[in-house]
Amino acid sequence: MRISVFGCGYLGAVHAACMADLGHEVVGIDVLPEQVQRLNHGQAPFFEPGLDALLSDGTASGRLSFATGAAAAAEATVHFVCVGTPQKKAEFAADLRFVREAVTGLLPHLKPGDVVVGKSTVPVGTAEELADLVHEAEPEAELLWNPEFLREGFAVEDTLRPDRFVYGVGDTDQARRAAGVLDQVYGAALAAGTPKIETDLATAQLVKVAANSFLATKISFINAMAELCEATGADVTSLADAIGHDSRIGRRFLNAGLGFGGGCLPKDIRAFMARAGELGVDQALTFLREVDSINMRRRVRMVDLAREVCGGSIVGRRIAVLGAAFKPDSDDVRDSPALSVAAQMQLQGAYVTVTDPKAIDNAAKKWPDLTFATTVEDAVAGASVVLVATEWPEYVALDPGELRGWVDEPRILDGRNCLDPQAWREAGWTYRALGRR
Ligand code: UGA
């Protein structure tokens, strides 16, 4: 099939590369010329395991190309909208400017039979508005909503082998025919038995924010339990293991620590609350306000813990922060809990050095006042406190005995509950973590 993909960020670049890998002819469209140039050279503009290989294979085969103007979509039949919907400045609501620009840019190029497929995370009601624009421009073109559930770090795998498809489809024969076209795009995964839920446009848009709200709630639930554990001397990791054995609860997404960050969960729950307010049902989502607050409190608590282990003050102390990305296997530092804690400690008078296997460049652009080191050894040299803020496998595997020789004072803060407390204590470290004795 001939496909265009609007927006070549985390979602769009991966989607374009994966669609080409499935054998489709794909053009990715983005407004940033440098991004387009890099992608045309088969290079990902961000770190995502497996993506560089798919991009270079796709561009070399001629099935995948990238361009800056919407006119490049004229030859395609299926048009995916994958642009970002960031949080508006000083507001909870999502900024829909890029979605509207992408669709308006596409309208003059639509032909009868074309299918526009929305994948961006949008407030419910947006798809209906965009469907009207599409029908006005080309009555025989159709818009579907097909939310994306990929996780950064597993984006290629999640796109090629998703755990489900959700199609939001209007109630017309034309819309049902358009859904049949989308079936052809996803033919391989559907044939392999991937479940598909076909629904109306409103439900499809809600599914996405409901899923992210549930995940955020699960994380904040266990972090709230961590606060209880701290007050009672209980252990949140054992608690999570124990409740996680109940298959109705499940152990995944019950890792207590610095909480959730990134470009999705935080802004999605806020945009969801804003939309509920517009719809007059804000009470239904007031609990998300608490989910957000619990999440933000963990960052403050971590700074307090650093102060506590330093005997009451971090002023002038050298603190090493291992991790800048919002999670491992990503170079994304958007709303990263690691950097937020690092910046707070620096503001409060500590001398903070941050390291990360992939995210230093992005982190330095966002927080130029922090000091960055490229290796753990350099980051921890002379440190009074080491904070593991992102659970990269190389940090989880650190040898406490070896690290002891590089620091000034052996104090370790486990921001992700990913280290073995006993091993660190036996090697002479003061070990502290959120929600643990
Ligand atoms: C999230 C969702 O998991 C995806 O399904 C969704 O498609 C995506 O948002 C999106 O909307 O595009 P992602 O932001 O890549 O994916 O990251 P997650 O794996 O969900 O992690 C989010 C944050 O939660 C990270 O900061 C992570 O460290 C934190 N987390 C995760 C915890 O603090 N505890 C856990 O147990 C799990």
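For ligands, and for the atoms within them, numbers begin at 1 and follow the listed sequence.
When non-hydrogen atoms are compared, ligand 1 lies under 4.0 Å from the backbone of Asn255 as well as from its side chain. Here Asn212 has side-chain heavy atoms under 4.0 Å from ligand 1, and that is the only part of it that gets that close. Here Lys208 has side-chain heavy atoms under 4.0 Å from ligand 1, and that is the only part of it that gets that close. Contacts between Lys218 and ligand 1 below 4.0 angstrom, taking non-hydrogen atoms only, are absent altogether.
Close contacts between ligand 1 and Leu254 involve ligand atoms 36 (O) [criterion: under 4.0 Å to a heavy atom]. Atoms of ligand 1 found under 4.0 Å from any heavy atom of Leu215, numbered from 1 in the order shown, are 2 (C), 3 (O). For ligand 1 and Leu265, the ligand atoms under 4.0 Å from any heavy atom of the residue are 1 (C), 9 (O), 22 (C). Close contacts of ligand 1 with Glu148, meaning ligand atoms under 4.0 Å from a residue heavy atom, involve 7 (O). Less than 4.0 angstrom separates some heavy atom of Asp268 from each of these atoms of ligand 1: 11 (O).
In terms of protein heavy-atom proximity, atom 33 (O) of ligand 1 is nearest to Arg416 NH1, 3.2 Å. Closest to atom 24 (O) of ligand 1 among all protein heavy atoms lies Phe260 CB, 3.2 Å. The shortest contact between atom 6 (C) of ligand 1 and any protein heavy atom is with Leu150 O, 3.3 Å. The protein heavy-atom contact nearest to atom 16 (O) of ligand 1 is Arg151 CA, 3.9 Å. Scanning all protein heavy atoms for the shortest distance to atom 15 (O) of ligand 1 gives Glu152 N, 2.7 Å. The nearest protein atom to atom 9 (O) of ligand 1, hydrogens excluded, is given as Cys264 CB, 3.3 Å; this is a heavy-atom distance. Of all protein heavy atoms, the one lying nearest to atom 18 (P) of ligand 1 is Lys327 NZ, 3.6 Å. The closest protein non-hydrogen atom to atom 30 (N) of ligand 1 is Ile219 CD1, 3.5 Å.
Put simply, CZ on Arg151 and SG on Cys264 are 12.5 Å apart, with the number rounded to the nearest 0.5 Å.
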Would you please test Phe6 and Phe80 for side-chain contact (heavy atoms from CB on, under 4.5 Å) and show each step? CA-CA 6 Å; Phe6 282 76; Phe80 286 100; over 6 Å; no
Could you go step by step and tell me if Glu91 and Arg270 meet the salt bridge (charged side-chain N to carboxylate O under 4.0 Å, His left out) rule? CA-CA 9 Å; Glu91 270 184 60; Arg270 292 172 195 153; over 6 Å; no
Criterion salt bridge (charged side-chain N to carboxylate O under 4.0 Å, His left out) on Asp241 and Arg251, from CA distance to verdict: CA-CA 6 Å; Asp241 290 343; Arg251 180 63 177 82; 2.7 Å; yes
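Backbone and side-chain nitrogen or oxygen atoms of Pro337 are examined, and none is located within less than 3.5 angstrom of a nitrogen or oxygen of ligand 1. Considering backbone and side-chain atoms together, Gly261 places an N or O closer than 3.5 Å to an N or O of ligand 1.
Using a cut-off of 4.0 Å between Lys/Arg side-chain N and Asp/Glu carboxylate O, Arg334 and Glu152 are scored as salt-bridged. The pair Asp304-Arg307 counts as a salt bridge, with a side-chain nitrogen and a carboxylate oxygen less than 4.0 angstrom apart. With salt bridges taken as basic N to acidic carboxylate O contacts below 4.0 Å, one links Glu230 and Arg301. Remark: Arg63 does not engage Glu25 in a salt bridge, criterion side-chain N to carboxylate O under 4.0 Å.
Judged purely by distance below 3.5 Å, without hydrogens or angles, the side chains of Arg436 and Thr237 pair a donor atom with an acceptor atom.
Distances from ligand 1 to the non-hydrogen atoms of Leu11 include no value under 4.0 Å. A heavy-atom separation below 4.0 Å is not found between Arg252 and ligand 1. Look at Gly257 and you'll find every heavy atom at least 4.0 Å from all atoms of ligand 1.
Using a distance-only test at 3.5 Å, with no hydrogens or angles considered, no donor-acceptor pair links the side chain of Thr390 to the main chain of Trp392.
For the side-chain contact (heavy atoms from CB on, under 4.5 Å) test, no residue two or more places apart in sequence or in another chain qualifies with Ala210.
Between His15 and Tyr186, the angle of the ring planes goes over 60°, which puts this pair in the perpendicular group of the 30/60° scheme.
Here the rule is salt bridge (charged side-chain N to carboxylate O under 4.0 Å, His left out) with Asp335, and of Lys366, Lys267, Arg299 only Arg299 fits it.
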